[in-house]
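First the proteins, then the strands, lettered A, B, ... as listed; each starts at 1.
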Amino acid sequence: MALPPIPSSSTPRPIATTKTISLDITTKTCYFITPSSIWNIKANSRIETTGAACPTTIARPRLSPLPFIYLRNLPYERSSALQQLLVDRQLRLRKEREYLRAQAGAAGAVGESADDSGPGSAGVATNVPKEDGSEDLVLLVEHTPTYTNGRRNRGAQGISDHEALRLQNLGADYVESLRGGEITFHGPGQLVAYPILDLKPTKLSVRCYVSYLEKSIIATCAEFGVKAITTENTGVWINDQRKIAAIGVHVQRYITSHGLALNCNTDLEFFNQIVACGLTGKETTSLSKELSDPSVNVQTVIPKFLKGFGATFNRDFVALSETRPGLEMAIQEFIQTGNPDKLR
Amino acid sequence: MSLSALSSRLFPTMRSQAMARFAAPGSSFARFYATKKYTPEHEWIEVENGVATIGITNHAQEALGEIVYVEAAELKDVEKGDTIGSVESVKAASDIYAPISGKVIEVNTILGDEPGLLNSNPEDSAWLCKIELSSEDEINDLFSEADYKKFCEESH
């Protein structure tokens, strides 16, 4: 399958190199000199004690444009299956590129380095595709009403059958997932974004990727004049009590799936039926509730979300139907019929 | 003339090097049998008597952030590259993969109650599981400590 044309990179921007030096050195020193028996990180708060500060921007060179596709009324299980097919596809294509690179490296001229963008070197080397995230994409989804639970609450550790039945009687499905996090609700009026990204070219760690997702949501809320924050609990909040967006990610060999859920004008009653994300005493809110404007729906929010996400991740968005019509058709076919063949 | 006397005359430096190796601090006889290797997925693997102990490196735990849940591997046969559990941090569940093929014979149960140990002691007491190797050859493809350090530096 031909790869999309790789856009020429724009003028390079300086990479942010400042770190919080004092915190970094202190924690690293503590790690090495303190005997493990008295080292006790029983941190209830999510502090950045275990590593360096996240980069303020994604390292150069700029990655390729990011295709997105909007899928409405999508049952959760089908979207999970779709995501796994897309992740497997990315892993397969990455392996092929690594193989091509190894071949080119063996056949190419002496002393060339595989990722150099120079036009010279052996003819074979110039055909080797770069690692610029050209197979990434983002699914923007509105689900049918579904309660979902994270990986650690599956099977024996999960909710009781009685509880699952109670939730189903409310008019929602209950599905267990392989993402991180606890129980939450997805449904109409909620923008769910599933970035299927290769983290390797971004050089973002898992921790920093989640932080970037939070920043994208904060940027989106800011477009509506809503001031959102992060707290010690993962996700995006209005204050310590009210949560506006939830996050739950699955990472397989640096390829991400699942993602985030931002309440636009979701029916928040569904959240009152559970202890959302396992956090007692907290509330769930939405953009329309914060703005007292029920017309703020998913369609209104999507353009702002693309802007916020694009700015945070330093990528341009394009419609999947424009850049990869074949892939878009394969996805639509899978959603309608459950037939995965075109995605394999 | 005895062989050792002859060799010490012909190869004086080799004998002194051999002596130095035994006497050097931090090196014990057991090291010749237990080798620690690394994978590009930031796992470490220490093999002793056909059993591999597996964990994630300090680099990995830093990249993940505060670990809140460790999903243990199932006790069964695995092929190199199969998923053997996962590690969860900041609402992200990251799959762990078997660096070699064999049978998972033991999982580290402390991590069930103290997942945070994986942040503080990733390369010793917070090992993830033990796998009985089906083939010793697979270890040869993995990184040595020096290669792994170089790999980490190159990817940043």
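Scanning all heavy atoms of the two residues, the minimum distance from B:Gly81 to A:Arg253 falls at O-NH2, 3.0 Å. A:Arg207 and B:Val90 make their closest contact through CA-CG2, 4.2 Å (heavy atoms, listed as atom of the first residue, atom of the second, distance).
Contacts of A:Tyr254 with chain B are made by side-chain atoms alone, with heavy-atom separations under 4.5 Å and no backbone atom involved. In this structure, chain B has a heavy atom under 4.5 Å from the backbone of A:Arg179, while its side chain stays farther away. Residue A:Leu178 touches chain B through its backbone alone, counting heavy-atom pairs closer than 4.5 Å.
The CD atom of A:Gln252 sits 10.0 Å away from the OG atom of B:Ser86 when rounded to the nearest 0.5 Å. Separation of atoms CG (A:Leu213) and NZ (B:Lys91) is listed at 13.5 Å; rounding is to 0.5 Å.
Within 6.0 Å of CD in B:Glu74 there are 12 or fewer heavy atoms belonging to other residues, nucleotides or ligands. Annotation for A:Lys200: atom NZ counts as buried by contact number, over 12 foreign heavy atoms lying within 6.0 Å.
The pair B:Glu71-A:Arg151 counts as a salt bridge, with a side-chain nitrogen and a carboxylate oxygen less than 4.0 angstrom apart.
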